Amino acid sequence: MEVYGLKVCNVEKPLGFAMEKPVFSWKLMNTAGDVTHAAMTIRTGDEVVYESGKVEDANSLGWEIDLPLAPKTRYDCTLELWSNKRERRLERTWFETGKRDEPWVGKWISPQTSQVSALLRKRFTAQASEAPVRLYLCGLGVYEAYINGKKVGKEYLAPGYHSYDFHLAAQTYDVTDLLVDGENELVIALGEGWFKGRLGFDGGYTNLYGNRLYAIAELYQDGKLLAATDETWEELASPVTFANIYDGEVFDQRIQPDVLGNVILAAPEGCGLLVDRVSLPIVARDRFPVKEVIHTPKGDTILDFGQNLTGWVEFSVDLPKDAQITLTAGEILQDGEFYHDNYRTAKAEFTYISDGTPQKDVRPHFTFYGFRYMKVDCPLPIRAEDFTAVHLRSAIVQTAKFTCGNPLVNRLFENALWGMKDNFLDVPTDCPQRDERLGWTGDAQAISAAACQALYMPAFYRKYLWDMRAEQSILGGSVPNVVPRIKRDMIGEFGSCPWADAGVIIPWNTWKYFGNQALLRETYPGMKAWVDCQRAHEESLGGLHLIKDGFHFADWLALDNPAPGPFGATDPLYISSAYYYRCAQIVAESAEILGLPEAPDYQTLADDILSAIRETYFNANGLCKIKTQTAAALAIVFGLTTDETSQGNELARLVAENKDHLNTGFVGTPILCEALSQTGHHETAVTVLLQEDFPGWLYSVKLGATTIWERWNSVMPDGHMNPEGMNSLNHYTYGSIASWMISWLCGVRPEEPGYKKIIIEPKPDPRLGFAKVEVETAMGRMISSWKYDKTGEVHYEITIPWGATATLLLPGEKPQTLGPCDHYF
Ligand code: BGC
């Protein structure tokens, strides 16, 4: 028996993460029998602070331990497992708390001279030793810390982007290795970031959450305070003379870190309390060398990194003093020339000014870019090998791999993954490049099922939903269009379907795919609040349990509306009532799972909404009266129709009428193929998938896309960008097809949350030859694949995770129950 993936609150060895109680999860491999018993022992130092004893009901998807936690404390944990085949296994891990509710000794400080970027410094004496040294820190807008010139931690853009007006997150770092004997120096470099730099489209706003830079820090060695922020800290001149998220950064190497004076004591105003971090760190992942240096007819030099990615470029330079090099980000070339118009007002540049010395690893600090290309303006010739693109994202791990016999479909799956990786940078953003990069809830909701199937999402969503609940708390439970919410008038709106439904759909998907009940309990109040908010509103309009008003993005960017503009043809009030039903149903189920008394009340509400929807939007035969692909797909997938077969036939007819092409937007696209496969029209679903012309998924792949586009025709067949102002080449919503590839084409679906029980219903199609998915599920590794041989017979290979069971549904055969390990059919 082997144990792996042991996590505490969805994070491996969490240091300084906010948690009420530790919740353990783990996976098994190579067990001979079934695990029958578990025991958890937790120590601080030599003292045992918790012992569960041998218990029978330890849940590997989330075992919550009733242990009150102290601040700044390391907990060493030993998990012991026994199986009914006399196996026994010990697995160790640790977690360490941050400051929790311990009052801070450090004081908030702020630079006096610059509110653009500053270096704040403290010198102190210490003795290097093996005793643990911890730095507790928050810097606003964004910060990097250095001890004796070495960067603290491996994360960037800390503390990330959260709803600062409700809470401020502090990080904890292990800096034991950075101290030296004698004099030491701690420097906190600050930039404006999301907190006070320009944010929001149409020019946006500055100083949104605060109008100064701030920092607070405490440094301890073996529990003894070495340094803390106070008025004795110095402000030094920063080489960063300009930086914000959209426009980029100017780094002037000529600027010496001269002392400008002391800091002042000043605390952020109008912000929330300082608490332990919830966010995953933003880290550097893949690195891309230059694929090609392009010299354009107009005389520009452009680096092509071959992949549209989020991050920045690192490089080496050797330029004369005062000479400068500027990189400008682009996603696509137009007629062989650099193109930047779809960034709108975001300059997305990095300028480095030389002091005459050669430098390595030059990079920005307080910004990031969405790009495939970088235009280089430099007075001297450049060498490709001096430049590397670095992909930044929240520390989320990919869990699914998909391949089939069609290389374009394989690239589509990769593009879907990149769409997600590039847009999971602390916040699930709409896009990483233009003057937006905001946590649009509709986009986040639409991709959440695919994300949970292809990436390990719980910790990332926990943070997003933490912000969301905070925002809901002053909106009567409603969910805003963007989270964190931009204050003031812009994007102040809330309650739009299906943007606001993110408040229910995202926590539910997280539950469905990871099965962590403690997380469901934590997120439940936000789910309930959104349904309650809708209920109060619709009842105030006279009841009937339908949504009757409000602004709804609905099937955003669908192609079925003859009227020009971004809105789809499907009646937004039908869509919003359908989502209201779905959300009420989910809240009822969640309440039931959590053992809450209100479960029947929400079930009644859901039933009433369903009756009202059927009465209003469905004919006597149980078919939806709205004749769009999206309306029919919703009727099937949300269970609104009373005649699924006929509704499926109708959907297939609507697709056929549109020459076997989709015309769906943000609502219909994530569910269209599922609705077809579910109702016996899998062949049509595959046909829609395989269309290589507009509108279809492979259209962008054929045109060389390496990510998912915002519009079905973001790029026109002649390679020119669609002139629409809102046009990014890195928007993830249509990448939601990855979910169907896993759960219908390969047929892997959790029957019980966290894949404890699995449905495997592979749906082969000869046009693809074979398809295979490998998923590292919450229960462990699973594989589902099918392949046609030369005689046209289909072979299946299936691997079930240890500890899980599956029901296999093969075409034309009786259901079979499968246990762990490998199966061939
Ligand atoms: C964003 C979207 C978002 C939409 C809603 C756009 O600018 O990029 O993806 O959901 O606005 O209006």
Side-chain angles (χ1 to χ4, degrees), residues 161 194 198-205 245-246 308 310 331 341-346 348 369-370 416 418-420 422-425 427-448 450-451 464 468 471 478-486 489-503 505-506 550-559 561 564-568 570 572 575-576 579 630 664-670 700 707-715 721-736:
Y161 183 20
W194 300 271
R198 184 163 83 89
L199 199 65
F201 49 80
D202 293 337
Y205 298 95
I245 298 292
Y246 294 157
N308 199 355
T310 296
E331 290 191 290
D341 289 358
N342 67 327
Y343 286 59
R344 298 196 302 220
T345 68
Y369 310 85
W418 271 109
M420 295 185 246
D422 284 340
N423 282 297
F424 291 154
L425 191 118
V427 166
T429 56
D430 56 335
C431 56
Q433 75 296 82
R434 69 174 177 229
D435 52 0
E436 213 151 344
R437 313 188 204 180
L438 300 171
W440 283 95
T441 45
D443 310 46
Q445 179 271 118
I447 199 66
S448 60
Y464 188 52
M468 197 180 285
E471 303 287 4
S478 189
V479 178
N481 293 349
V482 296
V483 171
R485 198 154 68 110
I486 291 198
D489 324 326
M490 207 191 69
I491 333 183
E493 294 90 8
F494 44 86
S496 168
C497 175
W499 270 236
D501 303 291
I505 306 284
I506 294 178
F551 166 76
H552 306 288
F553 290 111
D555 201 19
W556 184 245
L557 297 184
L559 302 167
N561 196 340
F567 296 97
T570 311
I575 295 179
S576 43
Y579 269 90
T630 292
T664 48
F666 273 42
V667 170
T669 305
S700 65
T707 39
I708 302 289
W709 300 340
E710 181 168 17
R711 296 170 181 271
W712 289 114
N713 58 352
S714 281
V715 181
M721 284 293 275
N722 185 328
E724 292 284 351
M726 191 190 74
N727 193 9
S728 111
L729 300 186
N730 208 349
H731 249 65
Y732 47 44
T733 296
Y734 298 158
S736 50

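Just so you know, these numbers come straight off a predicted model, no measurement behind them. Numbering of ligands and ligand atoms starts at 1, following listing order.
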Any N or O of D430 closer than 3.5 Å to N or O of ligand 1: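 For ligand 1, there is an N or O atom that lies under 3.5 Å from one belonging to D430.
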
Geometric N/O contact R344 with ligand 1, under 3.5 angstrom: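 No; the residue has no nitrogen or oxygen that sits under 3.5 Å from a nitrogen or oxygen of the ligand.
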
Top protein contact for atom 10 (O) of ligand 1, by heavy-atom distance: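 Sorting protein heavy atoms by distance from atom 10 (O) of ligand 1 puts D443 OD1, 2.6 Å first.
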
Closest protein heavy atom (residue, atom, distance) for atom 4 (C) of ligand 1: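 Protein heavy atom with the smallest distance to atom 4 (C) of ligand 1: W556 NE1, 3.7 Å.
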
Which atoms of ligand 1 sit under 4.0 Å from any heavy atom of [X]?
{"X": "R434", "answer": "1 (C), 6 (C), 7 (O), 8 (O)"}
{"X": "H731", "answer": "1 (C), 2 (C), 8 (O), 9 (O)"}
{"X": "E710", "answer": "8 (O)"}

Any residue meeting ring-ring contact (aromatic ring centres under 6.0 Å, His included) with Y246, in chain and number order, not counting sequence neighbours: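 Y246 satisfies ring-ring contact (aromatic ring centres under 6.0 Å, His included) with no other residue.
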
Contact with ligand 1 for F201, non-hydrogen, under 4.0 angstrom: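 No heavy atom of F201 comes that close to ligand 1.
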
Side chain to side chain donor-acceptor pair (under 3.5 Å) partners of S714, counting only residues at least two apart: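 N727.
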
Within reach of ligand 1, part of E493 (heavy-atom separation under 4.0 Å):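 Near ligand 1, E493 shows nothing, with every heavy atom at 4.0 Å or more.
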
Passing candidate, ring-ring contact (aromatic ring centres under 6.0 Å, His included) with W499, options F551, F494, F666: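 It is F666; the other options fail the test.
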
